[in-house]
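Residue numbers start from 1 in every chain, and the chains themselves are labelled A, B, ... in the order their sequence lines are given, proteins ahead of strands. What you see is a predicted model; the values in this text were computed from it and never measured.
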Amino acid sequence: MTDPAPLTVRWCVLGRGVDGRVTAVDIQADGSRGAMQTVSFAELSEYVAERERNAAPRWVWSDTPTWYPTLLEAGVRVARCTDLRLSHAILRNAASVQRADELRAAEEWDVAAAVPDPEPRGLALFELERTSTLSVPHGIEKALAEFARQREALATAAEPARLGFLLAAESAGALAAVEMSTAGVPWDIAEHDRLLREALGARPASGMKPQRMVEVAEEVRAALGDPQASLDSPPKLLRALKNAGIEVSSTSQWELAEHSHPALEPLLRYKKLARLFTANGWTWMDEWVRDGRYRPVYVPGGVVTGRWASSGGGALQLPRQLRPVLRADPGWLFVSADVAQLEPRVLAAMSTDHAMAEAGRGKDLYAGVVASGAVATRDEAKIAVLGAMYGATTGDSGRLVPRLRRSFPRAMRLVDESAETGEHGGTVSTWLGRTSPPPGAEWAEVQAVANGVNATSRDEDRARRVARDFGRFTRNFVVQGTAAEWALAWIADLRTRLMDLGEATDTRPATASGVMFERRPHLVFFLHDEIIVHTPAELAEKVAEVVAETAVTAGRRMFGSVPVDFPLDLRISERAEKG
DNA sequence: AGGCACTGCGCG
DNA sequence: AAAGCGCGCAGTGCCT
């Protein structure tokens, strides 16, 4: 009798032992478990690297920011993982999962993202626990039990393959996020300093304002005829403006721009300088740029819709003004790409609205909307399309949206029905199955008051307003969330394709100099619908091809044969300046 | 001193 | 120019 062919190891579950050692348990394709293996913490990287070469299992671990930075520090990348914390968050809420009771009962997995230390200190794998108050469990038995619960829950989903794809993409995103923080964005400190000096003057002493800000502030005070006017406190500034006869109800730029007074031009200029100085000035540079690398902290799944959030470093609000400061290393280049109008394209695909798909056939979907005859100008098209996805009811946007309803009935029906569901307190789901959170207790309270016998018209107005607010949230959730899924599918595929490029000889990161993944192209930046890859110059063309190919693949894997294009604006450059 | 709400502004 | 969605962060002012 011959031995049966050995079963493929599909997963390898990792857990921390009580003694700080790490336990690994293989799980075969048929669900059977292998023997427990234990390695010392020091041996972990070597163990993972060896298994990655020979078996390439999907690593299953409690949460990626806890496990992965240590491996990366040792030069070990993994191709695939299951992040139990992120997967739990998706599965426990997913409407398509029939049996999630046990998952919901496992409350110890309901933990917000652990925030990794942006500067890893040596081999402190579980150092996180000392700084964050809450953490998911890291032990092997807990991990095995949770993984089993998740497999069972997934099997009861209406479309397990689809939801499973979301879990894989979400987990791949978690790997990419840690890799990007570890690698960092190549940052030209001298150029940043030059830009700051040009705008603000020399760097001021700690606690002082830059010379240019002081000067402009004096201009404002002179024009107001108020030498004491405070420009940094909105309430005080508002009083000063009113005293000068400027009738504004707030101090925001858009309202100031509507008035005409000699103080307003320098005031708007002051606000720009103040913003640059406080948000991305020298202090920010000192804190977030080290060794020529900007290392923001990404939080995959940090937004309810599935978008990433960030925690520290402000990666989601990097001003375009600063983009020229991103500079590739000598001999390297950036390949940057963003998707034009990702959200309406996703909406067209989800709703199989062929008219909207047709409008998106070219590079500019808004031009296509104009060509469809729905509206007259590109500006109108943009305002109308955004208004449709956000639920605008007033102004130009509210006026233009009904025109889209005639030209793109299927797309509009999808967002309108999503809004209606939310107005009634319901939940909606993205294309791959991420379900929106139900409204909070306050929602039901307000509705109950409005439906009570003693309800005033005020109560009813409030209830309607709260219902519509929630409707706008669910309306946008399906589109924003599905767009986030498309982007995750894109970068998940992209990072694995990039792993295969470049020299395989030495992947050991030299983090002291900020150089990661020597001679290998790697993602350094991701922001909702755009990516930047840092690559050896000789591979840039190849990388650009891969970036484009993976965008096509993402569309196919998400939406199959639905004929919706996701065209990229793609650039190869030394600096990440937006073209 | 530290927590919290609020405003204002950067990003998609 | 916002409107209509989703965020993070700095600064201020008020609270304990």
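Per the geometry, CD belonging to E287(A) stands 16 Å off P belonging to dG8(C), to the nearest Å. Between L276(A) atom CG and dC11(B) atom C1' the separation is 15 Å, expressed in whole Å. Atom CH2 in W308(A) sits roughly 15 Å away from atom P in dG8(C) (whole-Å rounding). For the pair W284(A) CH2 and dG10(B) P, the computed distance is 15 Å after rounding to whole Å. Whole-Å rounding puts the Y298(A) OH to dG8(C) P distance at 14 Å. The nearest whole Å value for the distance from the NZ atom in K209(A) to the P atom in dG11(C) is 10 Å. Between D338(A) atom CG and dC11(B) atom C1' there is a gap of 13 Å when expressed in whole angstrom units. When the C1' atom of dA10(C) is taken as reference, atom CG of L273(A) falls 16 Å away, rounded to whole Å.
dA5(B) sits 24 Å from dG4(C) when the C1' atoms are compared, rounded to a whole Å.
In this structure, M558(A) CE and W486(A) CH2 are separated by 9.5 Å, a value rounded to the nearest 0.5 Å. In this structure, CD in E265(A) is found 12.0 Å from CG in L256(A), a value given to the nearest 0.5 Å. The OG1 atom of T550(A) sits 13.0 Å away from atom CZ of F566(A), with the distance rounded to the nearest 0.5 Å.
With a cut-off of 3.5 Å on both Watson-Crick or G-U wobble distances, the partner of dT16(C) is given as dA1(B).
Here dA1(C) is the nucleotide among dA1(C), dG8(B), dA10(C) with the atom lying nearest to any side-chain atom of E258(A).
Partners of R557(A) by salt bridge (charged side-chain N to carboxylate O under 4.0 Å, His left out), not counting sequence neighbours: none found.
Listed pair Q317(A) / dA10(C) fails the phosphate criterion, with no side-chain N or O lying under 4.0 Å from OP1 or OP2. Neither OP1 nor OP2 of dG8(B) sits under 4.0 Å from any side-chain N or O of K271(A). Considering only side-chain N and O atoms, K272(A) lies nowhere under 4.0 angstrom from the phosphate OP1 or OP2 of dC9(B). Dashed line: the shortest gap from a side-chain N or O of S233(A) to OP1 or OP2 of dG13(C) is under 4.0 Å.
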N/O to N/O distances under 3.5 Å, protein versus nucleotides 3-6 of chain C:
unit_1	atom_1	unit_2	atom_2	d
dG4(C)	OP1	T394(A)	OG1	3.4
dG4(C)	O3'	R472(A)	NE	2.8
dC5(C)	OP1	R472(A)	NE	2.8
dC5(C)	OP1	R472(A)	NH2	3.2
dG6(C)	O4'	Q480(A)	NE2	3.0

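Using a 3.5 Å distance cut-off with no hydrogens or angles, the side chains of S87(A) and E170(A) do not pair a donor with an acceptor.
Among the atoms of the strands shown, none is found under 4.0 Å from any heavy atom of G302(A). Residue Q253(A) is in sugar-phosphate contact alone, with no base atom involved, counting any heavy-atom pair closer than 4.0 Å across all strands shown. Among the heavy atoms of the strands, none lies under 4.0 Å from A279(A).
dG4(C) adopts a syn glycosidic conformation, its chi angle falling within 90° of 0.
The ring of Y294(A) has its center closer than 6.0 angstrom to the ring center of W284(A).
A pairwise comparison of heavy atoms in A94(A) and L163(A) identifies CB-CD2, 4.1 Å as the closest pair.
A cation-pi arrangement is found for R162(A) relative to W431(A), the charged atom lying closer than 6.0 Å to the ring centre and inside a 45° cone about the ring normal.
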